[in-house]
Amino acid sequence: MSILQLSLIAAVVAVVLLLVFVIAITLRRVVPTNMVHIVQTSHSSTPYGRGKPAGNAYYAWPSWLPKLGITVTEFPESIFQVALNDYEAYAPQYSLAMRAYGNVLLKKRAAQLG
């Protein structure tokens with residue numbers, strides 16, 4: 001093998017390694033401390049976040065990829081607020097503007113429902 005062939009092989013290997021590194025960096029997600037991400041694959045659901053057994057980082061493969069693709073549902077760890085504007089209560093003559101507050105305790109179950 002000549003020096004030219006060896007340098008060409010080394011260049012191809014370097015490009016492939018660089019490509020793998022760039023893909024790994026762009027797909028990696030770190031969950032903020034006040035959030036829980038439920039990662040759903042074709043066969044399981046795994047919660048990621050602060051204090052979770054799976055940790056707080058995962059790779060967000062696009063959902064269109066077979067076997068690797070994931071779907072992510074995000075939930076706040078703290079109490080969240082939902083605005084209900086023009087909510088008709090009991091009869092059409094009453095229209096209310098309200099704010100509802102809630103906290104999701106079973107985040108993995110909520111991700112399956114919603």
Side-chain angles (χ1 to χ4, degrees):
M1 250 187 207
S2 70
I3 298 288
L4 182 61
Q5 288 175 330
L6 287 177
S7 60
L8 183 60
I9 292 172
V12 169
V13 168
V15 167
V16 168
L17 288 176
L18 181 65
L19 186 62
V20 168
F21 179 73
V22 168
I23 289 173
I25 292 296
T26 57
L27 294 178
R28 188 168 190 266
R29 301 289 185 265
V30 177
V31 181
T33 57
N34 61 344
M35 296 290 290
V36 172
H37 290 192
I38 308 298
V39 175
Q40 295 176 319
T41 63
S42 60
H43 59 278
S44 69
S45 294
T46 307
Y48 288 88
R50 179 179 49 101
K52 302 294 182 231
N56 68 339
Y58 60 92
Y59 289 96
W61 293 98
S63 60
W64 52 265
L65 280 174
K67 299 289 184 187
L68 289 177
I70 62 169
T71 303
V72 178
T73 308
E74 300 178 6
F75 291 104
E77 276 279 310
S78 60
I79 296 174
F80 61 91
Q81 167 182 311
V82 176
L84 302 172
N85 296 322
D86 297 326
Y87 179 72
E88 293 184 8
Y90 301 108
Q93 70 251 23
Y94 298 109
S95 180
L96 303 174
M98 305 179 349
R99 295 207 184 274
Y101 296 90
N103 187 3
V104 178
L105 297 177
L106 301 173
K107 291 157 180 65
K108 189 172 179 180
R109 177 73 175 131
Q112 291 172 347
L113 296 174

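Residues Val30 and Asn56 meet the side-chain proximity criterion, which asks for heavy atoms closer than 4.5 Å.
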> Can Tyr58 and Thr46 be said to form a side-chain contact (heavy atoms from CB on, under 4.5 Å), step by step?
Replying inline: CA-CA 10 Å; Tyr58 60 92; Thr46 307; over 6 Å; no

Requested in this report: Applying side-chain contact (heavy atoms from CB on, under 4.5 Å), run through Leu17 and Phe21 and close with a yes or a no.
Outcome: CA-CA 6 Å; Leu17 288 176; Phe21 179 73; over 6 Å; no

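Note: Thr71 OG1 to Ile38 CD1 = 12.5 Å, rounded to the nearest 0.5 Å. Within the model, atoms OG of Ser42 and CG of Leu68 stand 9.5 Å from one another, a figure rounded to the nearest 0.5 Å. A distance of 9.0 Å separates CZ of Phe75 from CE of Met35, quoted to the nearest 0.5 Å.
For CG of Leu6, the number of neighbouring non-hydrogen atoms (other residues, nucleotides, ligands) closer than 6.0 Å is greater than 12. The local environment of CZ in Arg29 is crowded, with over 12 non-hydrogen atoms from other residues, nucleotides or ligands closer than 6.0 Å.
Residues Trp61 and Leu19 fall within the same hydrophobic cluster, defined by Ile, Leu, Val, Met, Phe, Trp and Tyr side chains chained together at heavy-atom separations under 4.5 Å. Cluster membership check: Val13 does not share its hydrophobic cluster with Val22, using side-chain heavy-atom separations under 4.5 Å among Ile, Leu, Val, Met, Phe, Trp and Tyr. In this structure, Val15 is not a member of the same hydrophobic cluster as Leu8, with clusters built from ILVMFWY side-chain heavy atoms closer than 4.5 Å. Val31 and Val39 fall within the same hydrophobic cluster, where Ile, Leu, Val, Met, Phe, Trp and Tyr residues are linked whenever their side-chain heavy atoms come under 4.5 Å apart, directly or through other members.
The minimum heavy-atom distance between Pro47 and Ser45, with the atom names listed, is CD-O, 4.1 Å. Closest of all the heavy-atom pairs between Ile23 and Thr26 is O-OG1, 3.1 Å. The shortest non-hydrogen separation linking Pro32 to His37 is CD-NE2, 4.3 Å. The heavy-atom pair separating Arg28 from Ala57 by the smallest distance is NH2-CB, 3.5 Å.
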